[in-house]
**Q** 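Can you read through this structure? Questions will come right after.
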Amino acid sequence: MAETASQAAPAIAIRDAAAHVGRSVRLRGWLYNLRESGQLLFPIFRDGTGLMQGVVFKKTASPELFERVRQLTQESSLEVTGTLRAEPRAPGGYELDVQDLVVLQAVAAAEPYPITPKEHGIEFLMEHRHLWLRSQRQVAILRVRHEVIRAVREFFDEDGFTLADAPILTPAACEGTTTLFEVEYFDDKAYLTQSGQLYAEACALALGKTYCFGPTFRAEKSKTRRHLTEFWMVEPEVAFAELDDIMNLAERLVAHVVERVLARRRPELAVLGRDTAALEKVQLPFPRISYDDAVARVNAAGGAMQYGTDLGGGDETLLARQFDRPVLVHRYPAAVKAFYMQPDPVRPDLALCVDMLAPEGYGEIIGGSQRIHDLDLLRSRIAAQGLPEEAFRWYLDLRRFGSVPHGGFGMGIERVVAWLCGIEHVRETIPFPRTIYRIYP
RNA sequence: UCCUCAGUAGCUCAAUGGCAGAGCAUCCGGCUGUUAACCGGAGGGUUGUAGGUUCGAGUCCUACCUGAGGAGCCA
């Protein structure tokens with residue numbers, strides 16, 4: 001009879017509890033924790049949408065039910081039926097009077113769930129990433145990640161962009177600078193993409209405004225809180241766009257993403273303890289400074305930057321700290337930038353490029369530029385970099401057949417998520433991070 | 001690739017060169033409103049690996065392995 005009754009109660013999500021107070025409901029999920037006080041049991045359930053404390057009194061429950069709940073082990077999967085009640089003493093403000101509980105799979109007591117509510121080291125957590133994902137904090141981060149991606153797509157889709165994804169397997173280096181992952185491609189070799197940009201340029205000349213969004217791979221042996229070997233990047237590319245257009249697009253995109261996350265994911269930001277006041281300040285326009293000014297500012301703030309070098313991580317932090325919103329740094333020395341960047345007509349030693357640095361020390365979240373549209377200039381740059389022109393034959397075609405000024409940028413999703421969540425390391429912003437010394441699980 | 005740090009119970013960590021311990025987790029017992037519950041008890045160890053110094057090494061030395069933080073490079 002109890003089984004029949006439990007089937008009759010509607011299955012609800014914990015996040016919708018408020019709408020079902022006073023009713024008999026069914027939750028499907030896992031045991032998060034169990035506390036015991038003599039004749040009282042307080043199982044806490046989770047279902048992926050939230051936590052719900054249950055309560056079982058020995059006096060009113062059947063001995064079988066009481067014992068079944070008492071024997072529950074952490075993360076056992078279950079279905080529980082009971083009456084939902086507002087309860088100020090329960091975390092979350094609601095409580096379930098448990099009337100029936102069916103264990104779907106019991107976690108063996110001899111081999112308990114490894115991640116306890118206590119603290120753990122990062123090595124242990126990374127080794128158990130597949131289970132760590134179940135924690136409230138990781139769930140909140142992944143929900144913010146989802147919102148960031150949704151906001152990015154929403155922004156471009158509503159702004160006249162067409163999604164056209166670049167290939168992941170590529171025949172050669174896009175930029176020739178970073179180290180690539182090599183894979184077997186039948187009897188040949190191929191490489192995992194390090195950027196979809198060159199392909200996005202071809203798409204921009206077909207579609208006008210386009211973006212690609214996919215995984216990106218860097219075999220660099222970077223070992224910092226800002227690096228993964230596999231990460232997700234969104235890369236818009238726009239025909240007839242010049243540097244100012246690129247900067248306008250970049251700041252509008254970031255402002256939109258921040259606005260959406262604030263509008264839709266405040267509960268998750270609260271779980272993460274994120275100070276949303278800092279995010280509220282991210283309003284248009286963003287400050288724009290030249291590379292020259294950036295060097296002066298960094299050095300005035302105690303840095304020791306040589307003119308002509310790229311900004312290091314510490315330099316970025318010194319600079320970004322001076323602003324309450326992301327800052328756009330434009331016109332770097334061409335010598336330290338990629339071969340395809342259009343030179344500044346006023347100062348040809350500078351590239352028409354821009355990096356966006358996130359506040360609070362989160363570093364570069366966007367890198368972009370106006371591309372060289374002149375065939376001869378591009379050929380000379382490819383030669384100067386010692387790159388094989390044959391590999392770029394199709395790319396040069398774009399400058400032979402109706403070339404126009406164009407540009408775009410790449411935005412690293414994980415860095416944006418880390419910034420918005422206020423977390424230390426990008427490895428927590430992707431379900432299964434790939435870093436130099438970890439490819440498990 | 002370079003620099004720094006770490007590795008002791010399932011987890012988080014202690015232990016002057018001198019008997020390898022605590023808290024949590026697990027198991028048993030107690031408690032009718034717990035909030036990472038609390039209280040009592042039990043089980044649980046090749047101290048990352050291999051050498052070396054020493055009467056004696058978790059501790060000191062060498063090499064290696066694994067991981068973390070940072071640099072460079074990048075988003």
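Values in this document were obtained by computation on a predicted structure and should not be read as measured data. In what follows, every chain begins at residue 1, and chains take the letters A, B, ... in the order their sequences are listed. All values below were derived from every heavy atom in this structure, side-chain atoms included, with hydrogens, water molecules and symmetry-related copies excluded.
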**Q** Nearest to the side chain of A:Pro112, heavy atoms from C-beta on, is which of B:rA36, B:rU26, B:rG69?
**A** B:rU26

**Q** Can you tell me how far the OH atom of A:Tyr211 sits from the CG atom of A:Leu163, to the nearest 0.5 Å?
**A** 4.5 Å

**Q** For B:rC11, does OP1 or OP2 lie under 4.0 Å from any side-chain N or O of A:Lys118?
**A** no

**Q** Could you tell me how far B:rG23 sits from B:rC39 if I compare only their P atoms? Round to whole Å.
**A** 10 Å

**Q** Provide, to the nearest angstrom, the distance between the CD atom belonging to A:Glu119 and the C1' atom belonging to B:rU12.
**A**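 One finds 5 Å between C1' of B:rU12 and CD of A:Glu119, rounded.
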
**Q** Paired with B:rC31: which nucleotide, if any, by Watson-Crick or G-U wobble criteria at under 3.5 Å for both distances?
**A** none

**Q** Could you walk me through whether A:Asp293 and A:Arg288 pass the salt bridge (charged side-chain N to carboxylate O under 4.0 Å, His left out) check?
**A** CA-CA 10 Å; A:Asp293 290 343; A:Arg288 300 181 184 190; over 6 Å; no

**Q** Do A:Gln136 and A:Arg46 meet the criterion of a side-chain donor-acceptor pair at a distance under 3.5 Å?
**A** no

**Q** For the residue pair A:His256 and A:Phe155, categorise the inter-ring angle as parallel (less than 30°), tilted (30 to 60°) or perpendicular (more than 60°).
**A** tilted

**Q** Is there a ring pair (Phe, Tyr, Trp, His ring centres under 6.0 Å) between A:Tyr340 and A:Phe392 once you walk through the steps?
**A** CA-CA 11 Å; A:Tyr340 51 72; A:Phe392 294 96; 9.4 Å; no

**Q** Suppose we call a contact any N or O donor and acceptor under 3.5 Å apart; does that hold for the side chain of A:Ser222 and the base of B:rC73?
**A** yes

**Q** Using a heavy-atom cut-off of under 4.0 Å over every strand shown, decide if A:Asp355 touches base, sugar-phosphate, or nothing.
**A** nothing

**Q** Using OP1 and OP2 only, check whether a side-chain N or O of A:His120 sits under 4.0 Å from B:rG10.
**A** no

**Q** Looking at B:rA36, which nucleotide sits across from it as a Watson-Crick or G-U wobble partner, both distances under 3.5 angstrom, or is there none?
**A**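 Paired with B:rA36, as far as the under-3.5 Å criterion goes, is no nucleotide at all.
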
**Q** At under 4.0 Å between heavy atoms, how does the protein contact nucleotides 28-33 of chain B? Give one character per nucleotide, 5' to 3', with B, S or -.
**A** ---BBB

**Q** Identify whether any heavy atom of A:Pro91 sits under 4.0 Å from a base atom; if not, whether one sits that close to sugar-phosphate; answer base, sugar-phosphate or nothing.
**A** base

**Q** Pair up each side-chain donor or acceptor in residues 405-422 of chain A with any protein partner under 3.5 Å, not counting sequence neighbours, and list the distances.
**A**
| residue | atom | partner | partner atom | Å |
| --- | --- | --- | --- | --- |
| A:His406 | ND1 | A:Val404 | O | 2.9 |
| A:His406 | NE2 | A:Glu201 | OE1 | 2.7 |
| A:Glu414 | OE1 | A:Trp232 | N | 3.0 |
| A:Glu414 | OE2 | A:Arg145 | NH1 | 2.9 |
| A:Glu414 | OE2 | A:Arg145 | NH2 | 3.2 |
| A:Glu414 | OE2 | A:Trp232 | N | 3.2 |
| A:Arg415 | NE | A:Arg226 | O | 3.1 |
| A:Arg415 | NH1 | A:Glu364 | O | 2.8 |
| A:Arg415 | NH2 | A:Arg226 | O | 3.2 |

**Q** Rounded to the nearest angstrom, tell me the gap between atom CG in A:Leu34 and atom P in B:rC27.
**A**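 Those two atoms, CG and P, are 10 Å apart.
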
**Q** Can you tell me if A:Lys223 touches the phosphate of B:rA68, counting only side-chain N or O atoms and a distance under 4.0 Å to OP1 or OP2?
**A**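 It does, given that an N or O in the side chain of A:Lys223 lies less than 4.0 Å from OP1 or OP2 of B:rA68.
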
**Q** Under 4.0 Å, heavy atoms only, any strand: does A:Leu228 hit a base, just the sugar-phosphate, or nothing?
**A**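 It contacts base atoms.
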
**Q** Any chance you could measure A:Arg266, atom CZ, to A:Thr276, atom OG1, to the nearest 0.5 Å?
**A** 4.5 Å

**Q** For A:His425, report the nucleic acid contact type (base, sugar-phosphate, nothing); a contact means any heavy atom under 4.0 Å.
**A**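 A:His425: backbone/sugar contact only, no base atoms under 4.0 Å.
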
**Q** With no hydrogens and no angle check, just 3.5 Å: does a side-chain donor-acceptor pair link A:Thr49 and A:Asp47?
**A** yes

**Q** Can you check the A:Leu31 CG to B:rA36 P distance for me, whole Å?
**A** 16 Å

**Q** Measuring only the P atom in each nucleotide, how far is B:rA50 from B:rU66? A whole number of Å is fine.
**A**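 B:rA50 and B:rU66 have their P atoms separated by 16 Å.
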
**Q** For A:Glu75 and B:rU26, give me the distance from atom CD to atom P, rounded to whole Å.
**A** 13 Å

**Q** Pairing check on B:rG18: which nucleotide meets the Watson-Crick or G-U wobble criteria with it, both distances under 3.5 Å?
**A**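 Looking at the geometry, B:rG18 pairs with B:rC55.
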
**Q** To the nearest Å, give me how far apart CG (A:Asp315) and C1' (B:rG70) are.
**A** 14 Å

**Q** Give the rounded distance in Å between these two atoms: CZ of A:Phe124 and C1' of B:rA6.
**A** 17 Å

**Q** Looking only at atom P, what distance separates B:rU59 and B:rA14, rounded to whole Å?
**A**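 Nearest-Å result for B:rU59 against B:rA14 at atom P: 16 Å.
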
**Q** Once you round it to whole Å, what is the distance between P of B:rG72 and CD of A:Glu364?
**A** 13 Å

**Q** Specify the residue among A:Gly412 and A:Thr73 whose closest nucleotide of RNA chain B lies further upstream toward the 5′ end.
**A** A:Thr73

**Q** What's the shortest heavy-atom distance between A:Ala320 and A:Val327, and which atoms?
**A** CA-CG1, 4.4 Å

**Q** Quote, to the nearest angstrom, the P distance that separates B:rA6 from B:rA63.
**A**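 It comes out at 16 Å once rounded to the nearest Å.
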
**Q** Students often get this wrong, so: under 4.0 angstrom with heavy atoms, is A:Glu123 touching a base, only sugar-phosphate, or nothing?
**A** sugar-phosphate

**Q** How far, in whole Å, is B:rG7 from B:rU16 if one measures between their C1' atoms?
**A** 22 Å

**Q** Examine B:rC74: is either OP1 or OP2 under 4.0 Å from a nitrogen or oxygen in the side chain of A:Arg225? Give yes or no.
**A** no

**Q** In whole Å, measure the gap between the C1' atoms of B:rG45 and B:rG21 for me.
**A**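 Comparing C1' positions in B:rG45 and B:rG21 gives a spacing of 11 Å.
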
**Q** Base of B:rC74, side chain of A:His227 - is there a donor-acceptor contact under 3.5 Å?
**A** yes

**Q** So does A:Asp344 pair up with A:Arg331, basic N to acidic O under 4.0 Å?
**A** yes

**Q** Which one is paired to B:rU26, where only Watson-Crick or G-U wobble pairs with both distances under 3.5 angstrom count?
**A** B:rA42

**Q** Just the rounded figure in Å: distance from C1' of B:rA75 to CG of A:Leu253.
**A** 13 Å

**Q** Is there a Watson-Crick or G-U wobble partner for B:rC2 with both distances under 3.5 Å, and if so, which one is it?
**A**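 Its partner is B:rG70 (Watson-Crick or G-U wobble, both distances under 3.5 Å).
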
**Q** Given the C1' atoms of B:rA57 and B:rA68, what is the spacing between them in whole Å?
**A** 26 Å

**Q** Just name whichever nucleotide pairs with B:rG7, Watson-Crick or G-U, keeping both distances under 3.5 Å, else none.
**A** B:rC65

**Q** Can you check the distance between B:rU1 and B:rU12, where both ends of the measurement are the P atom (answer in whole Å)?
**A** 28 Å

